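All remarks here apply to the structure that follows.
Numbers here are sequence positions counted from 1. Whatever order the structure lists them in is the order used to number ligands and atoms, beginning at 1. Small disclaimer: the values here were computed from a predicted structure and weren't measured.
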Amino acid sequence: MTMDIAAVRADFPILARTVNGKPLAYLDNAATSQKPRQVLEAVDRYYRQNNANVHRGVHTLASESTVLYEEAHQKAAAFLNARSWQEIIFVRNTTEALNLAATALALGHLKPGDEVLITRVDHHSNIIPWFLLKERFGILTRMVDALPDGTLDLEDFKAKLAGRPKVVAMTHVSNVTGWISPLERLIPLAHEAGALVVVDGAQAVPHFPVDVQALDADFYAFSGHKVLAPMGIGVLYGKRELLTRLPPFLGGGDMLETVCVVGGVCSLCLKALPWKYEAGTANVDGAVGLTAAIDYLAGLGWDAVRPHEESLFRRTVEGMRRMKHVRLIGPEDLSRRVGCVPFTVEGLSASEVATALDGEGIAIRSGFHCAQPLHERLGLSSSARISLAFYNTEAEVDRCLAVLESLG
Ligand code: PLP
């Protein structure tokens with residue numbers, strides 16, 4: 001299936017702007033995605049027509065807002081192929097989702113001295129929440145190493161499973177290299193070793209369909225803002241049995257059926273899933289935006305999105321492979337990667353490269369991309385990173401390649 005790229009780009013108002021007098025070429029999509037007008041309009045419409053606090057009134061606006069919020073849970077459940085919308089907890093972002101999973105597991109599943117297996121390939125947001133459990137709960141972490149190409153060391157993974165970790169926390173797609181982890185092999189191994197599996201899906205969901213049932217992930221996290229939705233809405237999927245058994249992380253309004261205080265002692269009756277984990281006023285506009293984002297992607301279809309992204313990715317890598325002053329990072333085999341291209345340029349820092357591109361209206365990321373352990377393994381303190389989305393064009397890639405060529 002092909003995509004009408006001009007029509008798609010017309011849906012994204014920001015893509016029409018200029019930066020430093022040049023048309024914007026936004027190649028920093030792994031940091032955050034741009035938003036189509038369908039998402040902008042859905043959020044605008046929500047505030048113009050429906051805005052009210054959910055689950056807190058019988059009036060019409062409160063009912064409409066509640067319906068929209070609950071529909072968003074259903075939409076996210078279908079997006080991940082969860083069994084039930086009650087397995088979808090809305091949070092701010094992937095970071096909060098992973099902190100919620102780590103804290104709930106520490107409170108209700110793990111004991112002092114238990115081990116969590118984390119990986120060097122992960123973003124800090126799937127490393128630090130687990131490290132923090134040591135001081136608070138006495139829970140230990142061990143890190144699976146990476147290979148020199150930035151992929152997970154599968155032999156080390158298997159060897160460390162022999163230590164019988166209680167939880168394995170790992171990414172679906174690396175935010176540095178775009179490498180797609182073979183979760184279909186790794187999750188069964190982790191389960192056989194007796195571990196629960198927490199997956200960071202932040203860089204997976206914008207690029208291909210994810211099926212949490214087929215993967216058999218116990219928890220799966222993503223951020224709406226990386227997949228066309230507004231900032232501030234994220235998802236934690238958890239298996240119903242686990243979410244039912246584990247305790248909540250936040251306490252407050254809207255997560256309780258009843259609170260009785262007898263003789264100074266509070267007795268709480270928590271609400272059913274997912275509300276038990278969603279204390280406080282919800283991000284309803286974010287949820288409405290997420291619904292519109294998922295609908296927008298469904299309208300395009302993965303069959304149209306995937307080949308376009310793959311072809312842009314190959315064009316970028318092939319162009320850069322011809323440049324002697326550019327060092328590409330990441331596995332050679334592009335078939336198990338999404339469109340992330342980390343690299344260094346001889347004689348220039350990553351931020352000098354990004355600044356040179358910005359001067360031409362081209363946005364890319366520089367730094368260690370919240371993945372310092374991986375950069376350390378690669379022998380780098382930082383890198384530049386081009387990350388592509390389906391609304392990018394060959395012309396944008398070629399403009400970027402021309403500037404990179406000129407830096408040699
Ligand atoms: N995990 C991965 C793989 C990411 O790429 C990112 C953000 O770049 C995150 C987690 C954190 O996402 P957020 O900042 O939306 O919580």
Side-chain angles (χ1 to χ4, degrees), residues 26-35 39 76 80 89-103 118-132 143-144 146 150-152 168-181 183 186 197-208 210 215 217 219-237 249 283 286-287 289-290 293 329-330 336-342 350 354 363-375 377-378 382-389:
Y26 185 76
L27 307 180
D28 190 20
N29 294 286
T32 198
S33 64
Q34 297 303 345
K35 322 300 174 199
V39 168
L80 295 179
I89 301 161
F90 280 153
V91 289
R92 280 188 304 141
N93 47 36
T94 307
T95 304
E96 189 172 305
L98 294 168
N99 276 275
L100 167 52
T103 311
I118 56 177
T119 96
R120 198 185 263 279
V121 170
D122 273 74
H123 187 281
H124 292 171
S125 67
N126 207 18
I127 294 178
I128 310 303
W130 305 103
F131 267 132
L132 291 178
M143 186 176 265
V144 180
T151 63
L152 195 69
V168 174
M170 56 187 167
T171 194
H172 198 168
V173 170
S174 159
N175 67 308
V176 178
T177 60
W179 175 70
I180 305 168
S181 170
L183 290 186
L186 304 188
V197 179
V198 179
V199 179
D200 172 352
Q203 298 294 345
V205 297
H207 299 291
F208 53 82
V210 169
L215 287 174
F219 288 97
Y220 195 96
F222 77 88
S223 296
H225 72 90
K226 292 189 194 283
V227 58
L228 312 181
M231 291 185 174
I233 186 80
V235 167
L236 178 66
Y237 156 83
F249 162 52
N283 178 1
L290 181 63
I329 299 154
R336 279 206 69 97
R337 288 173 66 183
V338 300
C340 256
V341 190
I364 68 155
R365 175 87 191 260
S366 59
F368 50 71
H369 323 310
C370 304
Q372 213 168 2
L374 180 58
H375 273 78
R377 179 71 178 85
L378 297 168
S382 65
S383 61
R385 181 190 68 189
I386 296 167
S387 55
L388 302 156

Quiz prompt | Residues forming a side chain to side chain contact (heavy atoms under 4.5 Å, CB included) with Ser223, sequence neighbours excluded | solution = Asn93, Thr94, His225, Lys226

Quiz item: Excluding sequence neighbours, so at least two apart, what forms side chain to side chain donor-acceptor pair (under 3.5 Å) with Asn126?
Solution: Asp122, Trp130

Quiz item: Under the criterion ring-ring contact (aromatic ring centres under 6.0 Å, His included), which of Phe222, Trp179, Phe208 is the partner of His172?
Solution: Phe208

Quiz item: Heavy-atom count around Arg377 CZ within 6.0 Å, excluding the residue itself: above 12?
Solution: yes

Quiz item: Can you list the steps and then say if His369 with Leu374 is a side chain to side chain contact (heavy atoms under 4.5 Å, CB included)?
Solution: CA-CA 10 Å; His369 323 310; Leu374 180 58; over 6 Å; no

May I have every N or O pair linking ligand 1 to the protein at under 3.5 Å, one per line with atom names and distance?
residue	atom	partner	partner atom	Å
ligand 1	1 (N)	Asp200	OD1	3.3
ligand 1	1 (N)	Asp200	OD2	2.5
ligand 1	5 (O)	Gln203	NE2	2.6
ligand 1	8 (O)	Lys226	NZ	2.5
ligand 1	15 (O)	Ser223	OG	2.7
ligand 1	15 (O)	His225	NE2	2.7
ligand 1	16 (O)	Thr94	N	3.4
ligand 1	16 (O)	Thr95	N	2.9
ligand 1	16 (O)	Thr95	OG1	2.5

Quiz prompt | Sequence-distant partners of Ala30, side chain to side chain contact (heavy atoms under 4.5 Å, CB included), two or more places apart | solution = Gln203, Cys340, Arg385, Ser387

